[in-house]
Protein chains: 2
Amino acid sequence: MAVEIGPSPEMYLKSLFELTRGHAPVPISALAERLGHSVVSATEMVHRLERRGLVAHEPYRGARLTSDGATHARTLLRRHRLWERFLTDELNLPWESVHDLACQLEHAVGEEVTEALDRRLGIPATCPHGNPIPRSGPTPAASARTLADMKPGEHAELEAVHPESGPVLAYLAQHGLRPGAAFSLESIEPTDGLRVIGVSSTRVAFGPELAARLRVRPASGPGRGGGARGDERRA
Amino acid sequence: MAVEIGPSPEMYLKSLFELTRGHAPVPISALAERLGHSVVSATEMVHRLERRGLVAHEPYRGARLTSDGATHARTLLRRHRLWERFLTDELNLPWESVHDLACQLEHAVGEEVTEALDRRLGIPATCPHGNPIPRSGPTPAASARTLADMKPGEHAELEAVHPESGPVLAYLAQHGLRPGAAFSLESIEPTDGLRVIGVSSTRVAFGPELAARLRVRPASGPGRGGGARGDERRA
DNA sequence: ATGTAGTTTAAGGTCGACCTTAAACAAGGT
DNA sequence: ACCTTGTTTAAGGTCGACCTTAAACTACAT
């Protein structure tokens with residue numbers, strides 16, 4: 001069991017999982033873009049994964065994880081997020097850089113280490129970027145609402161950065177924005193749909209694509225002022 | 001700096017380092033055997049590493065690390081042993097299995113993580129198998145004396161398992177023998193040179209090759225009886 | 001001085017994971 | 001019905017990391 005699989009196929013499974021919205025297949029071009037590969041290469045890989053029974057490919061529509069594939073992807077994501085927690089909580093590495101670091105570590109460990117790590121970390125509920133750590137049992141539904149869905153004047157709190165990536169996290173870190181931060185949407189610029197938000201006396205702008213990657217929830221308290229405040233470790 | 005290098009070349013550097021005795025070149029056949037590769041493949045790799053300036057190859061004698069190569073190997077060994085400590089000390093994974101696990105992790109992290117890990121672990125002096133963790137500055141000379149050098153009747157204490165490997169550690173674990181354990185050499189069998197030692201009322205036998213991998217030092221105290229006792233974390 | 005054991009080179013093979021360019025094809029809007 | 005856009009297939013390439021078999025060669029001990 002556990003089906004030997006290399007780092008590269010694993011990245012595909014993970015990306016596929018992350019890019020999946022609802023029940024729709026993910027266009028291969030989207031996959032390719034996320035991984036920085038050519039579309040042809042991505043198609044090749046999808047075929048390889050299909051032969052292994054991990055993804056189902058609907059021609060001209062996209063690829064979807066089979067349940068085997070989804071299981072595998074979930075454990076990968078689990079490892080990834082646990083490592084992220086380890087790197088921030090135990091090694092005190094910067095919030096915005098642990099994503100890329102964890103991308104290496106996730107392929108280097110099996111179940112043994114993963115579970116031990118989970119216990120060691122106190123069975124955390126989310127990664128440092130606000131995403132839930134998959135465990136046995138259904139994953140708690142993440143809020144579907146993002147910054148892109150908000151209307152000017154609304155107040156909210158950053159819940160998570162969903163498809164994570166180095167550059168995105170760097171941008172957020174640069175402006176002191178972290179899960180838990182309260183903010184308000186000040187305006188949506190007519191040109192390019194730029195979202196300008198106010199976070200503790202600063203203004204930060206986000207393009208529509210980035211905005212769609214910022215999951216939000218109604219501001220919890222009157223917001224204890226904070227910009228760069230932490231993230232919750234429990235659900 | 002840091003010269004991009006993959007897991008496989010890294011394993012070669014590490015093995016080369018571990019197999020080096022004094023100043024002599026390591027025969028490629030020995031390298032190949034340690035890695036479980038064919039001699040031809042090992043030769044190929046040595047060439048690749050030579051082109052990169054990491055090893056020097058003396059035809060028909062063997063390969064030696066250049067100073068660049070040695071530096072690289074040392075940092076690899078450093079990562080490896082730090083991960084071993086992490087896995088045993090923090091995750092409570094079994095002593096005999098952390099070697100193989102660390103073999104994966106060592107290729108998945110850079111300097112940032114390594115140094116943070118080191119600090120986090122309290123700058124440990126040795127790995128769980130008794131080998132010193134390389135740091136800047138000269139590595140403390142490991143005792144050159146092994147079980148293979150002992151005479152019947154002698155008492156000693158296990159200091160380290162030097163070239164480590166899964167099966168060797170498994171054998172030791174099976175017999176409750178760990179660094180720090182005191183024992184006496186009871187006999188050397190004339191056939192096959194088997195070393196039979198007494199450890200806390202048990203007898204365990206070692207072939208000559210294994211014996212040469214067990215570094216020993218004079219028993220420290222009257223040995224608080226112990227078989228399966230720990231290992232020191234400080235020099 | 002010679003022979004054997006250990007080393008090296010040569011030649012050819014496989015597999016995975018990428019790339020490019022170019023052609024064939026399907027979906028969906030006008 | 002057509003045309004554009006996005007998708008897939010085909011063809012050929014590269015590179016790294018392994019493999020085998022077979023021939024050439026060296027070191028060293030007898």
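The analysis underlying the following values was restricted to heavy atoms, covering all of them including side chains, and did not include hydrogens, waters or symmetry mates. Letters go in sequence order (proteins before strands), and every chain restarts at 1.
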To the nearest angstrom, how far is [X] atom [atom1] from [N] atom [atom2]?
X        : N       : atom1 : atom2 : result
Arg48(B) : dT9(C)  : CZ    : P     : 14 Å
Glu50(A) : dT8(D)  : CD    : P     : 10 Å
Arg52(B) : dA17(D) : CZ    : C1'   : 12 Å
Ile28(A) : dA27(C) : CD1   : P     : 14 Å
Glu58(B) : dT26(D) : CD    : P     : 16 Å
Glu44(A) : dG12(D) : CD    : P     : 15 Å
Glu4(B)  : dG16(D) : CD    : C1'   : 14 Å
Tyr12(A) : dG16(C) : OH    : C1'   : 12 Å

OP1 or OP2 of [N] under 4.0 Å from side-chain N/O of [X]:
X        : N       : value
His47(B) : dT8(C)  : no
Ser38(A) : dC19(C) : yes
His57(A) : dT8(D)  : yes
Thr43(B) : dT9(C)  : no

Among [options], which is the nearest nucleotide to the side chain of [X]?
X        : options                   : value
Met45(A) : dA17(C), dC18(D), dT8(D)  : dA17(C)
Ser8(B)  : dA17(D), dT9(C), dC18(C)  : dA17(D)
Val40(B) : dC18(D), dT20(C), dT9(C)  : dT9(C)
Arg61(B) : dA17(C), dA17(D), dC28(D) : dC28(D)
Tyr60(B) : dC19(D), dT26(D), dG6(D)  : dT26(D)

### Residue from Leu210(A), Leu185(A), Leu158(A) passing side-chain contact (heavy atoms from CB on, under 4.5 Å) with Leu147(A)
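Output: one option passes, namely Leu185(A).
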### Query
Taking the six-membered ring for Trp, is the centroid-to-centroid distance between His80(B) and His99(B) below 6.0 Å?
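Centroid distance His80(B)-His99(B): below 6.0 Å, so yes.
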### Task
Decide if the gap between the ring center of Phe206(A) and the ring center of His175(A) is smaller than 6.0 angstrom.
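No - the distance between ring centres of Phe206(A) and His175(A) does not fall below the 6.0 Å cut-off.
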### Query
Looking for any heavy atom pair under 4.0 Å, which part of the strands does Gly62(A) touch: base, sugar-phosphate only, or nothing?
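The answer is nothing, as Gly62(A) stays clear of every strand by at least 4.0 Å.
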### Task
With heavy atoms under 4.0 Å as the rule, sort Ser29(B) into base, sugar-phosphate or nothing.
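Ser29(B): backbone/sugar contact only, no base atoms under 4.0 Å.
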### Message
Quick test of your reading of the model: are Arg78(B) and Asp118(B) salt-bridged, counting only N-O distances below 4.0 Å?
### Response
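A salt bridge is present here (some side-chain N lies under 4.0 Å from a carboxylate O).
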### Query
Between Pro59(A) and Gly6(A), which is nearer to the 5' end of DNA chain C once each is assigned its nearest nucleotide?
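In this pair, the answer is Gly6(A).
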### Query
Quick one: do the Thr71(A) and Asp68(A) side chains pair a donor with an acceptor below 3.5 Å?
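Asp68(A) and Thr71(A) do not have a side-chain donor-acceptor pair below 3.5 Å.
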